[in-house]
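Shown next, in structure tokens, is the structure this report addresses.
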Amino acid sequence: MPELPEVETIKNELLNWVVGQSFIQADILDNKLVHDNSVEEFCNRLIGQKIETLERRGKYLFFYLSNGQSLIMHLRMTGALLLNPGEIDRYARAVFHLSNGTQLVFSDRRRLGIVWLDNAQSVIDKLGPEPLDERFTPAVLEQALARHQIPIKAALLDQSIVAGIGNMYADETLFAAVIHPLRTTDTLSDKEIGTLCQAIKKVLNTAIDSKGASVDTYIRPDGQQGTAQSGFKVAHRKGESCLTCGTSIERITVRNRGTYFCPRCQPETT
DNA sequence: CACTTTGTTTCCAC
DNA sequence: TGTGGAAACAAAGT
């Protein structure tokens, strides 16, 4: 479930604990967590490295290491990074020990997350623009959308078009922008793209202010849950009343993704 | 057992 | 080669 706001929250809460510290030990409890490299090679390359900076791009978390490589974490659905938890729960897949005594526990109920060591740039190069960057303007969004003729919902989920938006925030964004999820990118007016650009920033920033969301699985590094889900207006609200007009929220499938919207506020035709 | 959840990958048609 | 769409896959909950 960690999408951009969740990963940003994790980054912010870990920042002061990890930057400047070194990895002194890594207990890999689930070998499947380590992508590409063998566990042994992974640990050998990681141990002793100092963390220069911590950064988020899209849904990825990067620990920039002193050797120029990065420890890259992709939390996917249920991955969480816990800061000095009292005990190691049964969902823990790895425990990272830092030089200041900090323990980072990668906990992941469905074991879908992955970590690996690589050049951060090779991952970032595949991502579209960062929606919270001030350089992310309607013109940038328009250019990113112009190469495609696909439903706008699918476009928002394509990480090479815009980085960091997942299924729930895509629905929230389209509701805020008053755009039907099946409208294709080539039918959007300049005005609608401007509204959409604003909606993306607003929805993501609001969620970050709420310290991240998710329906039930997102856990912050301090073990607390985020609260943004209580602010969801359409996501996972099938059959409930639209908070704007009272119409029953509908659920359709777009690109095999559950998609929630208000049929009255977000008409398919303009 | 069927279906849902999210994000990515793989496969296929054009 | 690129583009779009469908399906597969991961794991666990209902």
Side-chain angles (χ1 to χ4, degrees), chain A residues 1-10 29-36 56-62 72-81 89-94 106-116 118 122-128 130-131 143-174 181-188 200 203-204 207 212-219 225-226 228-230 232 234-240 249-261:
Chain A
M1 202 96 24
E3 304 179 19
L4 187 156
E6 287 76 34
V7 182
E8 180 71 14
T9 300
I10 290 168
L29 309 175
D30 173 9
N31 289 355
K32 270 194 61 192
L33 174 68
V34 179
H35 185 63
D36 279 351
R56 176 203 56 76
R57 289 297 185 99
K59 302 170 185 173
Y60 297 88
L61 189 61
F62 298 91
I72 306 171
M73 294 193 178
H74 190 188
L75 275 47
R76 294 186 102 161
M77 253 179 93
T78 52
L81 211 46
D89 66 22
R90 67 193 184 95
Y91 300 117
R93 304 179 66 198
F106 192 115
S107 182
D108 186 7
R109 290 161 67 141
R110 296 185 193 171
R111 305 202 309 156
L112 297 174
I114 51 175
V115 305
W116 73 103
D118 198 359
S122 67
V123 175
I124 294 171
D125 284 345
K126 294 174 188 163
L127 299 175
E130 267 292 315
Q143 196 172 25
L145 295 176
R147 294 177 284 120
H148 303 272
Q149 295 185 24
I150 55 177
I152 184 61
K153 171 72 185 279
L156 291 178
L157 292 179
D158 186 331
Q159 303 300 296
S160 70
I161 296 178
V162 182
I165 302 176
N167 198 37
M168 299 183 305
Y169 290 117
D171 285 353
E172 292 300 311
T173 295
L174 290 174
L182 286 177
R183 291 277 306 284
T184 53
T185 48
D186 55 317
T187 68
L188 298 177
I200 291 170
V203 166
L204 295 179
S214 99
V215 171
D216 53 16
T217 54
Y218 168 65
I219 304 170
Q225 288 202 351
Q229 73 274 19
S230 57
F232 283 170
V234 287
H236 297 169
R237 294 191 68 239
K238 182 188 178 184
E240 296 178 40
I249 299 298
E250 277 188 22
R251 179 192 184 278
I252 60 174
T253 297
V254 180
R255 289 285 240 275
N256 279 339
R257 279 291 160 277
T259 299
Y260 301 83
F261 69 105

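So that the names make sense, note that chain A is the first sequence line, chain B the second, and so on, each numbered from 1. What's counted below: heavy atoms across the whole structure, side chains too, no hydrogens, waters or symmetry copies.
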A:Arg111 side chain to A:Lys32 backbone, donor-acceptor under 3.5 Å: no

Trace of the side chain to side chain contact (heavy atoms under 4.5 Å, CB included) decision for A:Leu156 with A:Ile200: CA-CA 9 Å; A:Leu156 291 178; A:Ile200 291 170; 4.0 Å; yes

Atom-pair distance (CD1 on A:Ile161; C1' on B:dT8), nearest Å: 15 Å

Side-chain N,O (A:His148) to OP1/OP2 (C:dG4) below 4.0 Å: yes

Residue pair A:Val234 / A:Glu240, side-chain heavy-atom distance below 4.5 Å: no

Side-chain heavy-atom pair A:Asp108, A:Asp30 within 4.5 angstrom cut-off: no

Touch class at under 4.0 angstrom, heavy-atom based, for A:Asn256 against every strand present: base

A:Thr184: side chain to side chain contact (heavy atoms under 4.5 Å, CB included) partners, not counting sequence neighbours: A:Asp186, A:Thr187

N/O (side chain, A:Arg255) to phosphate O (OP1/OP2, B:dT8) under 4.0 Å: no

Nucleotide B:dT6, atom P - distance to CG of A:Asp171 in whole Å: 8 Å

For atom CD of A:Glu172 and atom P of B:dT6, their distance in whole Å: 12 Å

Main-chain N/O of A:Lys59 paired with A:Glu8 side-chain donor or acceptor, under 3.5 Å: no

Report each atom pair, protein N/O against N/O of nucleotides 9-13 of chain C, whose distance is under 3.5 angstrom.
{"unit_1": "C:dA10", "atom_1": "O3'", "unit_2": "A:Lys32", "atom_2": "NZ", "d": "3.1"}
{"unit_1": "C:dA11", "atom_1": "OP1", "unit_2": "A:Lys32", "atom_2": "NZ", "d": "2.4"}
{"unit_1": "C:dA11", "atom_1": "O4'", "unit_2": "A:Arg110", "atom_2": "O", "d": "2.9"}

Spacing of A:Asn167 atom CG relative to B:dT4 atom C1', expressed in whole Å: 11 Å

Length of the line joining A:His236:NE2 and B:dT5:P, which is rounded to integer Å: 5 Å

B:dT4 OP1/OP2 closer than 4.0 Å to side-chain N/O of A:Tyr260: no

Whole-Å distance separating the NZ atom of A:Lys59 from the P atom of B:dT9: 11 Å

Distance-only donor-acceptor check, side chains A:Tyr169 and A:Glu6, under 3.5 Å: yes

Distance, rounded to the nearest Å, where A:Asp158 contributes CG and C:dG5 contributes P: 12 Å

Euclidean distance, atom CG of residue A:Leu145 to atom C1' of C:dG4 [Å, nearest integer]: 15 Å

